[in-house]
Amino acid sequence: MRNLDGCGLEKIREIKNMTADELAARAEALRREIIAAVEKNGGHLASNLGAAELILGMHYVFDASKDKFIFDVGHQAYAHKILTGRGEKLRESLRKRGGISGFPNPAESPFDAFVAGHSSTSLSLAAGFLRAKKLSGADYEIVVLAGDGAMTGGMMYEALNDLRALGGKAVVILNDNGRPYSGGASGFSAYLTDIKNGLIKKPFKEYGIGYYGPIDGNDTGAVTEALTYAKTAKNGVIIHAVTTKGRGFAAAENDPEGYHGLPRPESEKNAEKCGADARVSCEISDENDGVKSPLFRASYGETRNENCGKNDGAEPSVSCGIYDANNDVNGGLREYGNSREKSFSEVAGESVCELAEHDGRVVAVTAAMKTGTGLSRFAEKYPERFFDAGICEPHAVTMSAALAREGYLPFVAIYSSFLQRGFDGLIHDVGIMNNNVRFLIDRAGLAPEDGETHQGIFDAGFLRLVPNIVILTPKDGAELRAMIRWSALYEGAVAVRYPKASAVNFKEEYRAIARKNECAVQLSAAFDVTERLVPAHGKKTERNGFIDGKFDKKYRVATQKSEIFLTNSENAFELRASGADGAPTGNTIMAPDEFGLCAANAEAAIKSENIIIAAGAVVLREAEKAAKICSELGIETAAVYAARLKPLDTDGLRRLKAARLFVIEDNVRAGGFGSAVAEYFADKTGAPKVHIFSVGDGFPGCGTREELLKSEGLDALSVSEKIARSIKTV
């Protein structure tokens, strides 16, 4: 249960005993308070004035202490803030630093189910909460207030498609004020007009959801009657409420676009705009307040490497010089589908399955790519915990954020090139609240065969933009498995990116360059969960073993060197490592040091004059080869691997003594890992010179991986050539 002490719960309960006349009067009072707050501080005005009766009805009919109130868009939720004990703060600090936000935010109040600053997210959130409710057996209603153009966003239809297949109940109040933002004429607007004109006899039937309306959304009696019906309905229902944007304030009713939102007043601007109309009708007081080198290739011999890099299964030529005779052509990294080794996708799917066996919170989500992302086995074994959102990546991301909000651990498996479509949800729905969503990013980096549209060369850059997120990139299957297992213990958003390739393990063990946290949990080996973990919701039952939203005992996870105790407080999971005496140290577990800068010979790498830092399994193979080529040319060079792209392993970077760092990544340069390293050293005295080898400013087309690497200058020979030339010109 949410802690509602001091949150205005008693005031909400008073509403339930009001008469019809008292409710109508309360709606008018809400409008006066909203105008006063906006006049003083700026904010959204017209949309909030029209929604007063709808929000009052939500609190009258439903139980705000347990039900999920979802607003779309959140700028129409001022009345909700007032009714939940934030009226004075709204008046004094709306949209001011450290004050009340203009949108719902759970960090501000337990009555806010989710952040809602962007439009068209509500039904995806409803789908996530509905899935969580079904899994946990929790008892709450899901109530959505959607309006002001939300239904013109395509994500709403992605969610409607999903909700019809999902079944279950959500109450959707459609606030039809006829004036979304600056006009917003659309086919959906015409659809609503046809409904109101009686031209459509069974509205929304095609979406598999019930319909009630249209009703006068500014009549408290009509609103409470409709919501009471919806509460008793067995299935989902849309309540079509027709409201007046700017209700009760003539200027806003006549110019809803102009009064949609007002800026913070520099002096008396908003007071002047609200003017006498506001003071008379609402009785508020007047308070203010580079080219290839032929010489290099001739001297070193491109022809000597004619068999290197080919994916034909043949042994490399002895003339290659830098390879052992028993090495694989690609160092074991073959194209997906052309080898008998497991792919990264398969290892990812198996790892999530293993977690799900012990942890009831684990769910898997994909967007019509069950087989491609390796989740087929999970879907067969745990059908009730597998969710395919269809080709609706934005919906998948936002829906998963709601699942995470309810205590589940969603693993969202999506191709890198498709995750681009869910970028808004990454920031707005996952990032802002640092929700525990784990992204398994398949086909990251240069992807063979599919061409421009499927190259995963942008995700490292756009993921780095998201605050707090941890970005990991495994070099092989063993590391991918360890990263996925670790991510189940981490509190916050995690992204694990890996290529379309076989996940054969490296022959040499890579060790961390630096070890900062001695009590960090080592997860290179498997761990065992001694008790089945469960979501932190509902009452204690034999099935789930939890009570009143808190674990009834600690769950221990045994690892190689320590134990972690999982406890639950305020629905937030806490991870603590045990000290030598078995007592909790009080340190929240962060990313293990192994997931930083690593090398096959860490001490030698630290002392090397030149270091190639590789970000990604594919380019690590090329970095190893390039380092050997450089060594044969008399250029001291070591290959280092970056297993964690964010947060940057600054301890590892500080230990490097190199004069030159060559960062190689099969991602675009802008915002990529190389940029992060360059940014770190930009203001450091005596810092090494940073060279970045990355995908060029373009869209790579079709080709084998070797062809793509060569075309982008990221193959071993090209990289070693660039290193040799850069050193020669110093």
Side-chain angles (χ1 to χ4, degrees), residues 2 4 7-20 22-31 33-34 47-87 90 103-106 109-114 116 121-123 125-126 129-130 139-148 150 169-177 210 212-233 236-243 247:
R2 291 170 283 178
L4 303 176
C7 295
L9 186 58
E10 292 304 317
K11 290 184 178 180
I12 295 175
R13 288 173 175 165
E14 289 176 4
I15 295 172
K16 296 184 179 297
N17 297 319
M18 287 184 175
T19 65
E22 288 172 333
L23 284 172
R26 186 72 181 99
E28 293 300 327
L30 285 171
R31 274 190 271 273
E33 292 184 66
I34 291 168
S47 54
N48 279 292
L49 297 178
E53 285 86 359
L54 298 178
I55 292 172
L56 191 60
M58 290 166 63
H59 282 279
Y60 179 81
V61 174
F62 294 95
D63 185 351
S65 67
K66 67 170 185 173
D67 295 334
K68 308 294 182 184
F69 287 5
I70 305 172
F71 295 90
D72 196 347
V73 179
H75 66 228
Q76 59 180 329
Y78 287 9
H80 168 73
K81 288 176 177 274
I82 294 170
L83 292 174
T84 52
R86 289 171 277 176
L90 193 79
F103 303 96
N105 190 337
S109 170
F111 290 108
D112 294 355
F114 213 90
T121 64
S122 57
L123 296 187
L125 293 173
F129 283 124
L130 186 54
D139 179 24
Y140 56 76
E141 297 281 355
I142 300 167
V143 186
V144 173
L145 176 57
D148 259 12
K169 178 185 173 183
V171 177
V172 181
I173 306 168
L174 181 55
N175 181 7
D176 176 10
N177 57 33
Y212 186 106
I215 66 167
D216 183 350
N218 293 125
D219 181 333
T220 53
V223 170
T224 55
E225 180 181 342
L227 289 175
T228 300
Y229 161 78
K231 184 177 182 178
T232 59
V237 61
I238 287 179
I239 296 175
H240 183 183
V242 180
T243 63
R247 172 87 175 189

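We use all heavy atoms of the structure for the numbers below, so side chains are in, but hydrogens, waters and symmetry mates are not. Note that the coordinates shown come from a computational prediction; the quantities given were computed from them, not determined experimentally.
Between atom CG of residue Leu130 and atom NZ of residue Lys169 there is a gap of 11.0 Å, rounded to the nearest 0.5 Å. Separation of atoms CD1 (Ile82) and NE2 (His59) is listed at 10.5 Å; rounding is to 0.5 Å. If you take OG1 on Thr220 and CE on Met18, they are separated by 11.0 Å, rounding to the nearest 0.5 Å. Atom CG of residue Leu90 and atom CD1 of residue Ile34 lie 7.5 Å apart, to the nearest 0.5 angstrom.
Here the closest heavy-atom approach between residue Ala230 and residue Val171 is recorded as CB-CG1, 3.8 Å. Of all heavy-atom pairs between Ala64 and Ile12, the closest is CB-CD1, 4.2 Å. For the residue pair Phe129 and Ile70, the shortest heavy atom distance occurs at CD1-CD1, 3.7 Å. Residue Gln76 comes nearest to Ala146 through the heavy atom pair NE2-C, 4.2 Å, listed as atom of the first residue, atom of the second, then distance. Counting all heavy atoms, side chain and backbone alike, Leu56 lies closest to Leu23 at CD2-O, 3.1 Å. What you find for Pro104 and Ala77 is that their closest heavy atoms are CG-CB, 3.9 Å.
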Open item on the list: Before you tell me yes or no, could you show the steps for Ile173 and Val144 under side-chain contact (heavy atoms from CB on, under 4.5 Å), namely the whole-Å CA-CA distance, both residues' side-chain angles and the distance that decides it to 0.1 Å?
Closed with: CA-CA 6 Å; Ile173 306 168; Val144 173; over 6 Å; no

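Centroid-to-centroid, the aromatic rings of Phe71 and His80 come within less than 6.0 Å.
Between the side chain of Lys81 and the main chain of Ser109, no donor-acceptor pair closer than 3.5 Å is present. The closest donor-acceptor contact from the side chain of Asp176 to the backbone of Val242 lies at 3.5 Å or more, if one exists at all. In this structure, the side chain of Lys68 does not engage the main chain of Phe114 through any donor-acceptor pair within 3.5 Å. In terms of modelled atom types and a separation under 3.5 Å, the side chain of Asp72 and the main chain of Ser122 share a donor-acceptor contact. Judged purely by atom type and a 3.5 angstrom limit, Arg247 has no side-chain atom pairing as donor or acceptor with the backbone of Leu49. The backbone N or O of Glu141 sits less than 3.5 Å from a side-chain atom of Asp67, completing a donor-acceptor pair.
Residues satisfying the ring pair (Phe, Tyr, Trp, His ring centres under 6.0 Å) test with Tyr60, not counting sequence neighbours, are none.
When each of Leu227, Val223, Leu145, Asn175 is paired with Ile239, the side-chain contact (heavy atoms from CB on, under 4.5 Å) condition holds for Leu227 and for no other.
With hydrogens and angles left out, the side-chain atoms of His75 and Asn48 include no donor and acceptor closer than 3.5 Å. In the model, Asn177 has no side-chain atom that pairs as donor or acceptor with a side-chain atom of Thr243 under 3.5 Å.
Phe62 and Phe69 have perpendicular rings, their planes meeting at more than 60° on a 0 to 90° scale where under 30° would count as parallel.
Cation-pi geometry between Lys66 and Tyr140 is not met: the NZ or CZ atom fails to fall both under 6.0 Å from the ring centre and inside 45° of the normal.
Arg26 has a carboxylate O that lies under 4.0 Å from a charged side-chain N of Glu33, or vice versa, which qualifies the two as a salt bridge. Note on Lys231 versus Asp63: no salt bridge recorded, every NZ/NE/NH1/NH2 to OD/OE distance being 4.0 Å or above.
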